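Quick notes on the structure that follows.
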Amino acid sequence: MPVLTNIGLLATCRPEGPQDQIHPIRSAALAWDNGSILWAGPEADLPSPYRTWEALDAGGKLVIPGLIDCHTHLAFGGWRADEFAQRLAGRSYLDIAAAGGGIASTVRDTRALSEEALLERCRSFVEEILPLGVTTLECKSGYGLSLEDELKILRVYRRLADEGPLRIVSTFLGAHVVPSEYRDRRADYLALLTDQLLPRIAAEGLAEFCDAFVEESAFSVDEARALFRVAGEMGLRAKIHADQLTNGRGAQLAAEVNAVSAEHLECISEEGIRALAEAGVVAVSLPVATLYLGQSPPPVRRMIQAGVSVAVATDFNPGTAPSFHLPLAMTLACTRQRMTPAEVLKGATVLAARAVGREKTAGSLEAGKVADFALIDAPDVETWLYHFRGNACLLSVVAGEVCWRSPGRN
Ligand code: NIG
Ligand code: FE
């Protein structure tokens, strides 16, 4: 039954209010038991029973909810540094993909790895992700694109979730691209997804969400709509890679199928923004991918003005976003998307929780929610995101247990 005292600023990130309202409490304390928060408030008001509990000293620094990276492609084989160099020399992402590189090349490298080897690779990423203050990670499949290889990836995620301490949310992205062996048989590939993969995934409880890359070079709105209908019948809610490279009306589809989130959105239209706002779909912005592809950022200010909640995530993958550094994505969301640090923090905590269906249990520091939080070596959110460092996190706590401690800190 521990309590964290001497918190300089507790960013509770309770969900109510506008995106820039993070409900901060100065000179705060936090008490938890059995992995759940019992009390959060000004230390002067700490109820007397908690005053005798074992206390951890926050040293007057910033405490935030455990960060939620609500969009990653964690399990993949190989890297694509060669394509990075080609893109820098002027070749386009779509041109590389059309020549058999891009996603198809990562599919080849992912298929070549055993489940054990893939798990080992994911573990090595997780070892570096947890110290950043990230406590929940959404993980997509999508580099297997065959019955066995998609199941292999989702089993890796299940094993990672079982191992803990990082909380894992699994998403099935069989509709990433049509793999080359099905190039002239698109309908057969879609049938593999709907008739074989989705039933197996639902029966084994291997994913909570079904994603699709809606784009000229991947899947059409009609194909994705049909996929989401079957997924919905099996209890998997939709997430969509929408309007990333072109405006393909992915945002409107997200609203129509009641998706939990629409992601990327660099090319979203005004009509798409209105559709997301009316349907209450979370927009997930991915500034690392925008940066690596040399794109203009999504119109985040217009989205927020229209009433859309905007989350921030890494999109960690070997092609468009080869970094799992969520605080880096957060600083880029400030500088390139013109979001305030408070808006960004809410976007990487409680709004990200909404984007992965965890808003009832995670993402904010209030009684009844999980005791997932991070201690940051900064006095406030502005200083933290302005002064970008390799890692400013001092402690990562999941379910009330310290899972990572900065070297040199007791
Ligand atoms: O989110 N847009 C589609 N999928 C990934 C990129 C995948 C890749 O290039 O390997 C993304 O950016
Ligand atoms: Fe992605």
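Counting convention: from 1, in listed order, for ligands and their atoms alike. Since we're looking at a predicted model, the values are computed, not measured.
Within His73, the N, O or S atom at minimum distance from the Fe ion (ligand 2) carries the name NE2. Closest to the Fe ion (ligand 2) among the N, O or S atoms of Asp315 is OD1.
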Practice item. In sequence, state the C-alpha distance, the side-chain angles, and the governing distance for Leu190 and Phe219, and then conclude on side-chain contact (heavy atoms from CB on, under 4.5 Å). Key: CA-CA 10 Å; Leu190 283 157; Phe219 293 89; 4.1 Å; yes
Review point. Yes or no on salt bridge (Lys or Arg N to Asp or Glu O under 4.0 Å) for Glu263 and Lys140, after CA distance, side-chain angles and deciding distance?
Key: CA-CA 13 Å; Glu263 331 213 338; Lys140 300 176 194 295; 3.6 Å; yes
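Annotation: Arg108, atom CZ; neighbour count of heavy atoms from other residues, nucleotides and ligands within 6.0 Å is above 12.
Here is the list of ligand 1 atoms found below 4.0 Å of a heavy atom in Ile103: 7 (C), 8 (C), 9 (O), 10 (O).
Counting heavy atoms closer than 4.0 Å to ligand 1, residue Gln244 contributes side-chain atoms (C-beta onward) but none from N, CA, C or O. With a heavy-atom cut-off of 4.0 Å, Tyr93 touches ligand 1 through its side chain alone.
Among protein heavy atoms, atom 11 (C) of ligand 1 sits closest to Asp315 OD2, 3.2 Å. The protein atom (non-hydrogen) at minimum distance from atom 10 (O) of ligand 1 is Tyr143 OH, 2.6 Å. The shortest contact between atom 12 (O) of ligand 1 and any protein heavy atom is with Thr320 OG1, 2.7 Å.
No donor-acceptor pair under 3.5 Å is formed between the side chain of Arg358 and the backbone N or O of Val169.
Aromatic ring orientation, Phe76 versus Tyr143: perpendicular (interplanar angle above 60°, classes split at 30° and 60°).
At least one heavy atom of His264 sits closer than 4.0 Å to an atom of ligand 1. Residue contact annotation: Arg80 has a non-hydrogen atom under 4.0 Å from ligand 1. Taking a 4.0 Å cut-off on heavy atoms, Thr106 fails to register as neighbouring ligand 1.
Polar contact with ligand 1: present for His176 (N/O pair, distance under 3.5 Å).
A salt bridge links Glu343 to Arg301: at least one charged side-chain nitrogen sits closer than 4.0 Å to a carboxylate oxygen. By the 4.0 Å N-to-carboxylate-O rule, Glu256 lies close enough to Arg225 to be salt-bridged with it.
For the salt bridge (Lys or Arg N to Asp or Glu O under 4.0 Å) test with Glu115, the passing option among Lys152, Arg159, Arg121 is Arg159; the others fail.
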